Number of protein chains: 2
Amino acid sequence: MPGRDPSRIPNAKAPTMADIARLAGVSTSTVSRALAGAPRIPEETRQRIARAAQDAGYAPNRHARSLRLKRSRVMLVLIPDLANPNFPDLLMHIDRAAYDCGYDIMIAHTGVDLHRSDRYVDELLAGGIDGVLLTADHCPPKLAERIASGVHLPIVRTLSPTPPGTGIAGVEIDERRAAYDLVAHLAGVGCRRIVHAGGPPAEPVAIARRKGWEAALADRGLCADGLYVQSGFRMEDGAAAAHHVLAMNLRPDGVFCTNDESAYGLVTTLKASGLRVPEDIAVAGFDDLGFSAVFDPPLTTVRLPRREMAVAAVARLKRLIEGDGEASIKILPHELVLRRSSQCT
Amino acid sequence: MPGRDPSRIPNAKAPTMADIARLAGVSTSTVSRALAGAPRIPEETRQRIARAAQDAGYAPNRHARSLRLKRSRVMLVLIPDLANPNFPDLLMHIDRAAYDCGYDIMIAHTGVDLHRSDRYVDELLAGGIDGVLLTADHCPPKLAERIASGVHLPIVRTLSPTPPGTGIAGVEIDERRAAYDLVAHLAGVGCRRIVHAGGPPAEPVAIARRKGWEAALADRGLCADGLYVQSGFRMEDGAAAAHHVLAMNLRPDGVFCTNDESAYGLVTTLKASGLRVPEDIAVAGFDDLGFSAVFDPPLTTVRLPRREMAVAAVARLKRLIEGDGEASIKILPHELVLRRSSQCT
DNA sequence: GTGAAAGCGCTAACAT
DNA sequence: ATGTTAGCGCTTTCAC
């Protein structure tokens, strides 16, 4: 830049409302009102103020506003595991939905450090953030405590079932029923020995899916004994489950994995040891991650309506924040996605 | 809850520092100092205050503090596409690194609405947030404008190369060189007609990767004519590229895709039309997404040091915020990940 | 229709 | 070692 003073221009401090007031020749109250679109401002004044703000590159200071209003228009999203594509996908929709109704998003990854979430409960109570979106079953201990003591807080859980009576609003699918349907499908294509590679036994989602599997088998008079394999949500867990499956005396002809990710690991391991999917053994997952369609074989699974969940959860939280919401549970419809992994064509 | 008044307990407003001061029988300044760990406070007083705060469930109001300090300890992360697993993975590490140095993370998905990012530049200037982490090449127009006018702003770009001289700090890998190495590998395993399915022609990453491909071919006297296929970053783009490849008169024996995701789409389509990978055609991607290891065939690719990038980017941004940083570019080492998609064993 | 003034909760001089 | 005070930038009575 020729001729420019090479010394760094000091971060010219941002204009405040007082600056705009001076520029437009009015008081700060008028600026505030005009910018907020208050009714009784003549068009001319409004214009002048708008232009002054524009020219000066004015942007309101969010902290000053939040302090004054005692509302920040910030929602916090607690995420247990960003490495599981379920969450980013949900987050993307949450972000969008929040943006559409004027909220910003703060995130906190709770996977690493459970106590971290407690810190945010304080924040919530202290007014730093307006509401919290829980995307997993984990509820910060401090939060649970507050709720138990009857305090009403703007919290919504989604993606994981909320046990009723916890005082937390929820947006979810009928996990048990979805699992039931999936297992019914496996039985429908001829599977008789259907293994369930289940998730962590304490996780509500995992429990619900397992129950669906059990019920579906029971209703068809199929045996469940010895067909439950303790697994987890990650690919490695699925791979480990595959080894259990391979070690069984009577080989199963179907596997229902607790989620798609673990199914990837399971199928990969089964294939590596010479089994064909679905010819020798059918496999189904749960979640319908984007990759499941290009996985080999394409994976039969349950599609989580992540977008709809995000939208509903944000809308609910917004209402809760604005004081008119109840802590009820909303169930969204799910959808079976039947692909080749469960059907030898 | 038997015996409990059914009427909702009003969201008991959070205690402020004044409350704690009263409880501990001191002034707010003493509370502030004690909680901040200032030096000259007798242990006894400190204890008393700490306990009062604890008992009352006190948490400082972040907006009041930020307003006063003119620092929020919030970093904003601008993300173009959360649906691409690269970003959530990076985000996870960013979140962790930021947490470790006392910062909170706000996110904004810019994919949907480019102008959205402009809003945050105003925020940055207005002191609402302390710094911005760009995770793609896109630079908010307003930001570019400010920087061009010489203003110094705490911004760091990562994951995408920053053209030098833009005044933005960067943490990246040598994309061109990595692409070069990858193509050299393909040539090394015997490929002679190596197609490049390139990303959006305006994207710096895509450009750098393409240049690497060209250079590697040139250095080996291999032909590039007619072997560039315009593609994109998503699976559908890869699938479309596959159709171009299939339509070529002389079939290529290798394809370097601009990223893993598009490679998934390409390979899936090639397989569907009866070609074997790698026996008939070798394929390589770029990014090393988690899924690439279980893809069929496992995908040869370049591992982005996402964790290291995140850590370095956050550290750099922190320094920039705290006033001692330069807008230089830091290059991190990359790593070739050779898997079956490029080698018929 | 507009201005003056108070105050949100906090920190940092500046006393003492 | 601790209290008093001012003020960060904003919105909102309350006057006029």
Side-chain angles (χ1 to χ4, degrees), chain A residues 11-50 52-53 56-74 122-130, chain B residues 11-50 52-53 56-74 122-130:
Chain A
N11 210 333
K13 69 171 171 24
T16 74
M17 203 169 253
D19 296 320
I20 306 309
R22 204 170 312 117
L23 251 46
V26 292
S27 73
T28 58
S29 354
T30 305
V31 175
S32 178
R33 283 189 282 248
L35 262 25
R40 284 174 214 314
I41 311 266
E43 201 44 35
E44 195 273 323
T45 316
R46 193 186 295 285
Q47 293 283 338
R48 193 152 34 91
I49 291 173
Y58 170 76
N61 178 304
R62 76 157 55 212
H63 302 296
R65 175 180 292 174
S66 300
L67 179 58
R68 176 66 229 236
L69 258 27
K70 290 168 166 283
R71 302 243 340 269
S72 59
R73 299 201 78 87
V74 169
D122 291 333
E123 280 263 11
L124 182 57
L125 269 43
I129 54 183
D130 290 347
Chain B
N11 209 333
K13 71 169 169 26
T16 73
M17 203 170 253
D19 297 319
I20 307 309
R22 204 170 313 117
L23 252 48
V26 292
S27 74
T28 59
S29 5
T30 304
V31 175
S32 177
R33 282 188 282 249
L35 262 26
R40 291 179 206 310
I41 311 265
E43 201 44 35
E44 195 274 322
T45 317
R46 193 186 297 282
Q47 294 282 339
R48 191 152 36 90
I49 292 173
Y58 170 77
N61 179 304
R62 76 158 55 211
H63 302 296
R65 175 181 291 176
S66 299
L67 179 58
R68 176 65 230 233
L69 258 28
K70 290 171 167 281
R71 299 233 357 260
S72 58
R73 300 201 78 87
V74 169
D122 291 332
E123 280 262 12
L124 182 58
L125 269 43
I129 53 183
D130 290 347

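Being a predicted model, the structure only gives us computed values, none of them experimental. Just so it is clear: chains get the letters A, B, ... in the order the sequence lines come, proteins before strands, and each one is counted from 1.
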Notebook entry, point to check: Looking at residues 34-41 of chain A, who's got a heavy atom less than 4.0 Å off DNA chain D?
Noted result: none

Next item on the list: With sequence neighbours left out, write down each residue that passes side chain to side chain contact (heavy atoms under 4.5 Å, CB included) with A:E44, or none if nothing qualifies.
Entry: A:R48

Next item on the list: Produce a footprint string for nucleotides 7-13 of chain C: one letter per nucleotide, 5' end first; B if the base is under 4.0 Å from any protein heavy atom, S if only the sugar-phosphate is, - if neither.
Entry: BBBBBBB

Next item on the list: Indicate, with a heavy-atom threshold strictly under 4.0 Å, whether B:S66 touches base, sugar-phosphate, or nothing.
Entry: nothing

Checklist line | Qualifying residues under side chain to side chain contact (heavy atoms under 4.5 Å, CB included), relative to B:A59, sequence neighbours excluded | finding: A:D122, A:A126

Item checked: Pairing residues for B:R73 by the salt bridge (Lys or Arg N to Asp or Glu O under 4.0 Å) criterion, not counting sequence neighbours -> none

Notebook entry, point to check: What residues, two or more places apart in sequence or in another chain, satisfy salt bridge (Lys or Arg N to Asp or Glu O under 4.0 Å) together with A:R62?
Noted result: A:D104, B:E123

Note to self: Enumerate the salt bridge (Lys or Arg N to Asp or Glu O under 4.0 Å) contacts for residues 26-35 of chain B, please, sequence neighbours excluded, ordered by first and then second residue.
What the structure shows: none

Next item on the list: Could I get the full list of side chain to side chain contact (heavy atoms under 4.5 Å, CB included) partners for A:S72, not counting sequence neighbours?
Entry: A:S66, A:V74, A:D130, B:H63

Indicate every side-chain donor-acceptor pair of residues 25-32 of chain A with a distance under 3.5 Å to a residue at least two apart or in another chain.
unit_1, atom_1, unit_2, atom_2, d
A:S27, OG, A:S29, N, 3.4
A:S27, OG, A:S29, OG, 3.2
A:S27, OG, A:T30, N, 3.4
A:S27, OG, A:T30, OG1, 3.4

Next item on the list: Ignoring backbone atoms, test whether B:S27 places a side-chain nitrogen or oxygen under 4.0 Å from the OP1 or OP2 oxygen of D:dG3.
Entry: yes

Next item on the list: Could you pull out all residues at least two apart from A:A56 that satisfy side chain to side chain contact (heavy atoms under 4.5 Å, CB included)?
Entry: A:P15, A:I20, A:L23

Checklist line | End-to-end axis angle, where each axis spans five pairs of the helix from C:dG1-D:dC16 to C:dT16-D:dA1, to 10° | finding: 40°

Next item on the list: Provide the closest heavy-atom pair for A:T16 versus A:Y58 in the form atom of the first, atom of the second, distance.
Entry: C-CE1, 3.6 Å

Checklist line | Where at least one partner belongs to residues 18-31 of chain B, residue pairs that pass salt bridge (Lys or Arg N to Asp or Glu O under 4.0 Å), sequence neighbours excluded | finding: B:D19-B:R22

Next item on the list: Whole angstrom is fine here: how far is it from CZ in A:R48 over to P in C:dG1?
Entry: 15 Å

